[in-house]
Enquirer: 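Sharing a structure with you now.
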Amino acid sequence: MIYDTIVIGGGPAGMTAAIKTKETCEKAKILIIDRNKKLGKKLYATGNGRCNIANSALDLSSYHSCNEFFPYQIINTESYKKLKEFFMDLGVAIYDDGGYLYPQSMQASTVVWALSDRIKHLGIEIHTTEEAESVEPTDEMYGIVTDCAEYTARTVVAAPGSAAAPKLGGTESVYRLLENTDIRTIAPHPALCRLKTREDTSDLAGVRARCRVSLLCDGDVYDSESGEIQFADGWLSGIAVFNLSMQCIDLLNDGRTPVVEVTLVPEMDEDDVLGYLRKFRDSNPDRRLEAMFNGLVNEKIARFIINRLELKSVTAARLTDEELDRMVFEIKHMRFEISGHGGYDESQAACGGIDTRQLRPDSMEADGYKGLYVAGEYADVTGKCGGYNIMWAVMTGMRAGEAAGKRLTHDKNK
């Protein structure tokens with residue numbers, strides 16, 4: 001059987017693309033192929049089940065790609081407005097929490113059900129528990145081979161996801177999907193994951209702290225994030241660390257030695273911290289060193305700093321000015337050398353994928369392959385935590401689907 005469009009992948013990008021293709025070309029015969037038992041499996045788990053679908057705050061650090069400016073040719077004020085209208089049309093009321101957009105219900109199931117119901121209403125065919133293995137151009141059509149069957153389609157939207165989160169359907173096999181074309185793939189690696197330290201952090205295990213986290217390498221500052229850090233035995237995690245992990249892993253893969261700098265008590269500058277410690281020393285000369293930190297940091301962090309600096313003084317009165325300066329520096333510049341990172345099984349996303357320098361930003365169509373579109377995290381674009389990746393998936397799905405529908409309408413009217 002020949003389909004007008006086959007959408008590979010039943011995540012937010014694939015579901016959106018299928019809907020937009022059908023709405024643009026009502027007569028189109030469309031098939032969605034997904035390896036999971038049901039559509040939107042990964043979507044159910046996003047945002048701790050609340051599904052942060054978009055974010056209004058954008059800067060050049062919001063997305064990571066080898067083609068740095070490509071994401072911002074797609075994500076703009078107009079597409080942001082269209083995304084909100086799309087969800088409202090599906091029956092998903094939007095709640096704006098300081099620029100973080102959620103379904104009003106604060107349940108990911110609301111979004112999955114709305115997309116799934118619209119797909120069923122439009123009469124789009126669905127094949128689940130079936131994995132697409134290859135796409136091959138054949139005489140202005142495309143042959144799609146799965147682990148169950150072979151299909152032919154006039155247009156294809158490739159939105160199979162990435163290798164991240166294998167328990168939710170992620171697999172490295174997606175990067176072989178377009179091997180029968182000359183479309184380039186940027187080597188993938190885990191992203192939005194924890195980072196391994198060379199230092200022994202076992203004494204900090206279980207501690208969470210508000211801070212500013214910076215990524216350093218060879219004296220340069222690559223990026224900074226404010227938020228919560230979480231310490232484990234030999235690992236750093238938390239949203240602030242996850243957001244730095246993309247660039248950090250790039251540096252590791254280049255054979256370099258990145259460093260994560262943790263700035264504790266971010267609302268106080270170094271002079272403020274020094275003044276606080278001096279006043280404590282003068283007012284409480286007989287108290288132990290751990291007590292000096294009590295108003296500033298967690299007691300495990302206090303003990304960690306004391307041990308790291310090898311402070312021999314027992315009471316505050318015996319601390320020298322030089323030791324106070326070292327304490328302040330450690331509080332504001334606690335550094336950890338990074339030696340590794342978490343794997344796909346614990347990463348929220350993956351970097352790499354289809355090289356966006358071969359994609360048209362107005363349609364997500366691959367150069368030299370009419371009717372072949374790429375959407376979602378399958379492209380080499382990865383957003384930070386906070387709704388950026390779902391927003392990217394939906395917006396690229398909309399563009400790919402509308403472009404496919406317009407091409408089919410044009411061909412049918414010839």
Enquirer: Below 4.5 Å, heavy atoms only, C-beta onward: do T409 and K406 meet side chain to side chain?
Expert: no
Enquirer: Can you see which heavy atom on N180 is nearest to which on S134, and at what distance?
Expert: ND2-CB, 3.8 Å
Enquirer: For E85, look at atom CD and say whether over 12 heavy atoms of other residues, nucleotides or ligands are found less than 6.0 Å away.
Expert: yes
Enquirer: Under 4.0 Å between a Lys/Arg side-chain N and an Asp/Glu carboxylate O for K81 and E78?
Expert: no
Enquirer: Between the side chain of T263 and the main-chain N/O of C211, is any donor-acceptor distance below 3.5 Å?
Expert: no
Enquirer: Taking atom OG1 of T185 and atom CG of D355, what is their separation to the nearest 0.5 Å?
Expert: 8.5 Å
Enquirer: Take atom CZ in R210; do more than 12 heavy atoms of anything else shown fall under 6.0 Å from it?
Expert: no
Enquirer: Taking the cut-offs as 6.0 angstrom to the six-membered ring centre and 45 degrees off its axis, would you call K38 and Y44 a cation-pi pair?
Expert: yes
Enquirer: Are there more than 12 heavy atoms of other residues, nucleotides or ligands under 6.0 Å from atom CZ of R208?
Expert: no
Enquirer: Should we count CD of E267 as having more than 12 external heavy atoms under 6.0 Å?
Expert: yes
Enquirer: Which residue pairs pass the salt bridge (Lys or Arg N to Asp or Glu O under 4.0 Å) test with at least one member in residues 163-183, sequence neighbours excluded?
Expert: none
Enquirer: Before you tell me yes or no, could you show the steps for L39 and I32 under side-chain contact (heavy atoms from CB on, under 4.5 Å), namely the whole-Å CA-CA distance, both residues' side-chain angles and the distance that decides it to 0.1 Å?
Expert: CA-CA 9 Å; L39 302 183; I32 299 175; 4.1 Å; yes
Enquirer: Roughly how far, to the nearest 0.5 Å, is the CD1 atom of I119 from the CG atom of L90?
Expert: 9.5 Å
Enquirer: Is the backbone of R184 close enough, under 3.5 Å, to the side chain of Q358 for a donor and an acceptor to pair up by distance?
Expert: yes
Enquirer: For a 4.5 angstrom cut-off between non-hydrogen side-chain atoms, does L252 reach H189?
Expert: no
Enquirer: Does M395 reach the side chain of Y80, with side-chain heavy atoms less than 4.5 Å apart?
Expert: yes
Enquirer: What I want to find out is whether K29 reaches E125 closely enough, with some N-O distance under 4.0 Å, to be called a salt bridge.
Expert: yes
Enquirer: Between R407 and T155 (side chain of the first, backbone of the second, donor and acceptor by atom type, cut-off under 3.5 Å), is there such a pair?
Expert: no
Enquirer: Taking D380 for its side chain and I186 for its backbone only, find out whether a donor-acceptor pair lies under 3.5 Å.
Expert: no
Enquirer: Which atom pair, heavy atoms only, marks the closest approach of P12 to V394?
Expert: CB-CG2, 4.3 Å
Enquirer: Strictly distance-based, threshold 3.5 Å: is any side-chain N or O of S224 a donor or acceptor partner for the main-chain N or O of S214?
Expert: no
Enquirer: Who are the salt bridge (Lys or Arg N to Asp or Glu O under 4.0 Å) partners of D223, not counting sequence neighbours?
Expert: K384
Enquirer: Can E199 and M334 be said to form a side-chain contact (heavy atoms from CB on, under 4.5 Å), step by step?
Expert: CA-CA 11 Å; E199 294 82 1; M334 183 183 290; over 6 Å; no
Enquirer: So, do L43 and V111 sit near enough that their side-chain heavy atoms are less than 4.5 Å apart?
Expert: yes
Enquirer: What closest approach, in Å, do I8 and A132 show between heavy atoms, and which atom pair accounts for it?
Expert: CG2-CB, 3.6 Å
Enquirer: Just by distance, do the side chain of T129 and the backbone of K37 share a donor-acceptor pair under 3.5 Å?
Expert: no
Enquirer: For the atom pair CE (M246) and CG (L244), what is the distance rounded to the nearest 0.5 Å?
Expert: 8.5 Å
Enquirer: Would you call the rings of Y63 and Y72 parallel, tilted or perpendicular if under 30° counts as parallel and over 60° as perpendicular?
Expert: perpendicular
Enquirer: CG/L204 to CG/L236 distance, rounded to the nearest 0.5 angstrom?
Expert: 9.0 Å
Enquirer: Mind running side-chain contact (heavy atoms from CB on, under 4.5 Å) on N52 and I390 for me, showing each step along the way?
Expert: CA-CA 8 Å; N52 185 186; I390 294 180; 5.9 Å; no
Enquirer: Please check if any side-chain donor atom of S105 sits under 3.5 Å from a side-chain acceptor atom of T110, or the reverse.
Expert: yes
Enquirer: For F293 versus M327, what's the shortest heavy-atom pair and its separation?
Expert: CZ-CE, 3.3 Å
Enquirer: Determine whether a donor-acceptor pair (N or O, by modelled atom type, separation under 3.5 Å) exists between the side chain of R35 and the backbone of G169.
Expert: yes
Enquirer: Has Y100 got more than 12 heavy atoms of other residues, nucleotides or ligands less than 6.0 Å from its OH?
Expert: no
Enquirer: Does any non-hydrogen side-chain atom of T46 lie less than 4.5 Å from one of N389?
Expert: no
Enquirer: Please check this pair: side chain of T396 against backbone of A393, looking for a donor-acceptor N/O pair closer than 3.5 Å.
Expert: yes
Enquirer: Below 4.5 Å, heavy atoms only, C-beta onward: do T382 and E377 meet side chain to side chain?
Expert: no
Enquirer: Hey, are the side chains of D89 and R118 touching, using non-hydrogen atoms and a 4.5 Å cut-off?
Expert: yes
Enquirer: From R198 CZ over to S339 OG, what is the distance, rounded to the nearest 0.5 angstrom?
Expert: 5.0 Å
Enquirer: Once you round to the nearest 0.5 Å, how far does CG of L216 lie from OG1 of T257?
Expert: 12.5 Å
Enquirer: May I ask you to check whether over 12 heavy atoms, not counting those of I126, lie within 6.0 Å of atom CD1?
Expert: yes
Enquirer: Work out which heavy atom in S237 is nearest to a heavy atom in F242; give both atom names and the distance.
Expert: CB-CE2, 3.9 Å
Enquirer: How close do I74 and S79 get, counting heavy atoms only, and between which atoms?
Expert: O-OG, 2.7 Å
Enquirer: Do the non-hydrogen side-chain atoms of P137 and T181 ever get within less than 4.5 Å of each other?
Expert: yes
Enquirer: With sequence neighbours excluded, give me every salt bridge (Lys or Arg N to Asp or Glu O under 4.0 Å) pair touching residues 136-157.
Expert: D4-R154
Enquirer: Got a salt bridge between R360 and D362, using NZ or NE/NH1/NH2 to carboxylate O under 4.0 Å?
Expert: yes
Enquirer: Look only at the side chain of T201 and the backbone of G234, and say whether a donor-acceptor pair between them is shorter than 3.5 Å.
Expert: yes
Enquirer: Answer yes or no: is there a donor N or O on one side and an acceptor on the other, between the side chain of N298 and the main chain of K300, under 3.5 Å?
Expert: yes
Enquirer: For the residue pair R308 and F336, would you count it as a cation-pi contact if the rule is NZ or CZ under 6.0 angstrom from the ring centre and within 45 degrees of the ring axis?
Expert: yes
Enquirer: For atom NZ of K196, is the number of surrounding heavy atoms from other residues, nucleotides or ligands below 6.0 Å larger than 12?
Expert: yes
Enquirer: Can you check side-chain contact (heavy atoms from CB on, under 4.5 Å) on Y142 and I6, steps first, answer last?
Expert: CA-CA 9 Å; Y142 292 94; I6 288 182; over 6 Å; no
Enquirer: Without hydrogens or angle criteria, can the side chains of S65 and N67 be said to hold a donor-acceptor pair below 3.5 Å?
Expert: no
